[in-house]
2 protein chains.
Amino acid sequence: MGTVRNARVNQGGPKCAGIVGLGLIGGSFARGYAQAGVRVLAWDPDEDVMVAASMGTVSGELNEETLGECDIIVLACYPEACIEWLEAHAQALAEATDTQAIMGPVVIDTVGIKGIVCERAFNLARENGFYFVGAHPMAGTQFSGYAHSRADLFAGAPLVLVPPAVDDSLKLELLSQVREMVRPLGFGKFSVTSAEEHDHVIAFTSQLAHVVSNAYVKSPTAQEHHGFSAGSYRDLTRVAHLNASMWAELMTDNAQYLSQELTCLIDSLSAYRDALDRKDEEQLKELLAEGDRIKRVLDSNTPDND
Amino acid sequence: MGTVRNARVNQGGPKCAGIVGLGLIGGSFARGYAQAGVRVLAWDPDEDVMVAASMGTVSGELNEETLGECDIIVLACYPEACIEWLEAHAQALAEATDTQAIMGPVVIDTVGIKGIVCERAFNLARENGFYFVGAHPMAGTQFSGYAHSRADLFAGAPLVLVPPAVDDSLKLELLSQVREMVRPLGFGKFSVTSAEEHDHVIAFTSQLAHVVSNAYVKSPTAQEHHGFSAGSYRDLTRVAHLNASMWAELMTDNAQYLSQELTCLIDSLSAYRDALDRKDEEQLKELLAEGDRIKRVLDSNTPDND
């Protein structure tokens, strides 16, 4: 049975990983671990997916009896389902964990917002006695489901980590554990932040991008553009195609920050429109030059893979 | 001296091309023609650029005396500057043109909007007696200037053509002339449309994309996102960096269509914000699913390079 301390000594990463939910993200964790020689236990409510994943990737079912064999457990489902799984397995997780010796499986999630999941998961972990660290792998495609998952989905991608509010030495221990346990996935960069800061930033960098892209194609002109579009249109509308159920839940859980970003963008767009309606070319030029200046500064401050 | 009829017989394209304005677009036309062995005459108000272009690309100055040597003349400057050049050279163009025999240089522009340029250019061509066809090469980069121009900028790119309101046989003659004359640039696709339809569509596919990208980075959160962003943010903000003077002129000249697109997008974005503010996950899901459906249909109707 893997333990936090044992696993840390083992620089090669985990011996056994548990995956809850075999969609795009969970499937990619499962494939990445399996490809690296890590034993994978998994659970998904869809039996067809379980059968598909059993062919070369998943060795057995993740459940109350087997979860103690895992060095890491990855919750790769929607926010509510993550909490439900944790509640149902809190007792078994606590039994597999020795908080005196800091030993036992470390649980991470993969949800795109952190406040709503981390608060409840941290409470469950503290009350029952197991280890949970919030995580958000910044990778994905516009496609969903196990069929689109791949072992190298996270290669080079950033992983954002949200540690619980515990003393600094345990916090560092948990963070270095998670880094060690996800080593086989090949993440390119680790960031540590608070759930609040994560959700504030993600509303802007990811959720707003998806809303704008999704809204962009609703112009009636979209039906006429055949043959006229260039790279800028392609880029702006790439993520218009999305998993509506998943994003609706993530966005509703982050409604305040995302609404603020939408207000900010709508106000900015209105300023350009006002200049256009007045045919005020000088003002329009100033608005465009301002965005250009900001973008230049951002690019010069930002590494390539950001 | 090249002529429309002679040039058509010459399936290899033009023998001599004239370029007005050696920025990113004009410079790329010049380099593309020169690389294909076509003699290039050019004019640019910046003497340093003329000197740089004379090294292996431009053979001589394009002016009243030399323009008659050209099979095609490409106006690659801002809208106002195009018209000014045509007005100043209308007489010389007319003298180089034989409208009875349909012989003489054919003039195209490269401006990103067509209404304001084509109307005046068509009038000048008709009144003076020379040939003009509106053109918009759908290619570019976020960088400007001769230094960034390259011979293969238009390889595979769409070229949108706007013919004058002449009789059908002359229209077809002019369009096939232009296709023949730009053959060395390697455009991937030709579309023929009216100036009005072009400007309507381009407001949506290109101008709106640039405004949205430019506005996106103005959120204060942009200053905090270091380490958190993913591909969607990169794509949404790629064209935030732009030539503000040029776009301000193009957008002001197309103010009505662009303002309509901005209104449409602002209204769509407001609907998502309203759903978020009401925490109405079902409504948000419906809005996202609608954009997803539209995007799927558009993608299935659209060839890859569109």
Side-chain angles (χ1 to χ4, degrees), chain A residues 138 158 160 191 201 204-206 209-212 214-215 217-219 221-222 224-225 227-230 232-233 235-242 244-245 247-249 251-252 255 258-259 261-262 264-266 268-270 272-273 276-277 279 281 284-285 288-289 291-292 294-296 298 306, chain B residues 138 158 160 191 201 204-206 209-212 214-215 217-219 221-222 224-225 227-230 232-233 235-242 244-245 247-249 251-252 255 258-259 261-262 264-266 268-270 272-273 276-277 279 281 284-285 288-289 291-292 294-296 298 306:
Chain A
M138 302 285 294
V160 184
S191 306
V201 171
F204 171 68
T205 58
S206 174
H210 284 77
V211 169
V212 171
N214 193 267
V217 296
K218 293 184 176 178
S219 165
T221 317
E224 305 175 28
H225 84 274
F228 279 80
S229 62
S232 51
Y233 171 78
D235 282 359
L236 265 286
T237 62
R238 183 179 63 85
V239 292
H241 177 26
L242 45 67
S245 303
W247 282 101
E249 184 172 342
M251 289 170 178
T252 304
L258 180 54
S259 177
E261 292 298 339
L262 277 163
C264 183
L265 181 62
I266 288 168
S268 289
L269 293 174
S270 301
Y272 297 78
R273 183 177 57 179
L276 283 165
D277 290 345
K279 293 250 185 189
E281 185 177 329
L284 186 59
K285 180 179 157 186
L288 292 166
D292 177 57
I294 293 170
K295 173 67 170 164
R296 281 171 197 255
L298 290 173
D306 242 19
Chain B
M138 302 284 294
V160 184
S191 305
V201 171
F204 171 68
T205 59
S206 173
H210 285 77
V211 169
V212 171
N214 193 266
V217 296
K218 292 184 178 179
S219 165
T221 317
E224 306 174 28
H225 84 275
F228 279 79
S229 61
S232 52
Y233 171 79
D235 282 359
L236 265 286
T237 61
R238 184 178 62 84
V239 292
H241 178 27
L242 45 65
S245 302
W247 282 100
E249 183 171 342
M251 289 171 178
T252 305
L258 180 54
S259 176
E261 293 298 339
L262 277 164
C264 184
L265 181 61
I266 288 169
S268 289
L269 293 174
S270 301
Y272 297 79
R273 184 177 57 177
L276 283 166
D277 290 344
K279 293 248 184 191
E281 186 177 329
L284 186 60
K285 180 179 158 186
L288 292 166
D292 177 57
I294 293 170
K295 173 66 172 166
R296 282 171 196 256
L298 290 174
D306 240 22

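Side chains included, hydrogens not; waters and symmetry mates left out as well; all remaining heavy atoms used.
- Heavy-atom distances place the side chain of E261(A), and not its backbone, under 4.5 Å from chain B.
- If you tally non-hydrogen atom pairs under 4.5 Å between each of K285(B), K279(B), H241(B) and chain A, the highest count goes to H241(B).
- The two residues V212(B) and L265(A) have their closest heavy-atom pair at O-CD1, 4.5 Å.
- A donor-acceptor pair is defined here as one N or O able to donate and one able to accept, closer than 3.5 Å; such a pair exists between the side chain of K295(B) and the backbone of T237(A).
- Interface remark: of the candidates V239(B), D277(B), I266(B), I266(B) forms the most heavy-atom pairs closer than 4.5 Å to chain A.
- Of the two parts of R273(A), the backbone and the side chain both hold a non-hydrogen atom closer than 4.5 Å to a non-hydrogen atom of chain B.
- With a 4.5 Å cut-off on side-chain heavy atoms, Y272(A) and L288(A) count as touching.
- Counting heavy-atom pairs under 4.5 Å between each of N214(B), L284(B), L276(B), T252(B) and chain A puts N214(B) at the top.
- Counting heavy-atom pairs closer than 4.5 Å to chain A, the top residue among A209(B), C264(B), A289(B) is A209(B).
- A 4.5 Å side-chain heavy-atom check between S206(A) and H210(A) finds at least one atom pair inside the cut-off.
- For D235(A), the side chain to side chain donor-acceptor pair (under 3.5 Å) partners at least two apart in sequence or on another chain are R238(B).
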